[in-house]
Amino acid sequence: MRTLPRARRPAAGFTLLETMIATAISAVLASVAYPSFSAALHKVRRTEAMVAMLQLQQAQERWRSGSHRYGTLAEVGVASAVPGRNYLLSVTEPSITGYVAIAEASGAQARDRTCRYLRLGIESGNVSYRSGETAAAAN
């Protein structure tokens, strides 16, 4: 009795070339999407810092209403770091007429050059908000 040769089945799966093409396409798409994702992430973290600065401003006003001057972070009961620790808060020059609060970017947020420092200044009832690459925050 003679046996007939079996029909050869096509191989299932991907070839190495197909996998390499899919990987290259994924890499190109990721390199295009990453900058906009990173910018959006920096903006969200900046917003968290601005909210913390506004909460600090409210805490300072509550402190001032019961005291003869503005207070330090410890006195007003505000943490020195924004939730997520992307910005560190500090208060300098607390006095009878005002204070300067600075939020300094830390960790991955330090790469956000345009808003590395956020500055809130209160002087004789006048409020000023600034941000920039340096602690002077002159923009």
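No hydrogens, no waters, no symmetry mates; every other heavy atom, side chains included, goes into these values.
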Legend entry - Verdict with supporting geometry, L120 and L54, side-chain contact (heavy atoms from CB on, under 4.5 Å): CA-CA 9 Å; L120 164 67; L54 291 173; over 6 Å; no

L88 meets the side chain to side chain contact (heavy atoms under 4.5 Å, CB included) criterion, sequence neighbours left out, with A81, R85, S106

The side chain to side chain contact (heavy atoms under 4.5 Å, CB included) partners of V28 (sequence neighbours excluded) come to none

Connected to L29, directly or through other members, by ILVMFWY side-chain contacts below 4.5 Å are L17, I21, I25

Residues at least two apart in sequence or cross-chain that pass ring-ring contact (aromatic ring centres under 6.0 Å, His included) with Y70, listed by chain then number, are Y99

**Asked** Does some side-chain heavy atom of R119 sit less than 4.5 Å from a side-chain heavy atom of S128?
**Response** yes

V91 vs L56, test: side-chain contact (heavy atoms from CB on, under 4.5 Å). Steps then yes/no. CA-CA 9 Å; V91 172; L56 170 62; 3.9 Å; yes

Residues M50, L118; criterion side-chain contact (heavy atoms from CB on, under 4.5 Å); working and verdict = CA-CA 8 Å; M50 288 188 277; L118 303 174; 4.2 Å; yes

With sequence neighbours left out, the residues meeting side chain to side chain contact (heavy atoms under 4.5 Å, CB included) with T19 are F14, T23

Residue set satisfying salt bridge (charged side-chain N to carboxylate O under 4.0 Å, His left out) with R46, at least two apart, ordered chain then number -> D112

- Message: Does any part of the side chain of Q57, heavy atoms only, come nearer than 4.5 Å to the side chain of I122, both counted from C-beta?
- Response: yes

With sequence neighbours left out, the residues meeting side chain to side chain contact (heavy atoms under 4.5 Å, CB included) with E75 are W63, R69, T72

For residues 31-42, the side-chain hydrogen bond (donor to acceptor under 3.5 Å, both in side chains) pairs (sequence neighbours left out) are H42-Q109

Tracing side-chain contacts under 4.5 Å among Ile, Leu, Val, Met, Phe, Trp and Tyr outward from L41 reaches F37

Excluding V51, membership of its hydrophobic cluster (Ile, Leu, Val, Met, Phe, Trp, Tyr; side-chain heavy atoms within less than 4.5 Å) reads none

Contacts satisfying salt bridge (Lys or Arg N to Asp or Glu O under 4.0 Å) that involve residues 58-68 (not counting sequence neighbours) are none

Hits for side chain to side chain donor-acceptor pair (under 3.5 Å) against E93, two or more places apart or cross-chain, chain-then-number order -> none

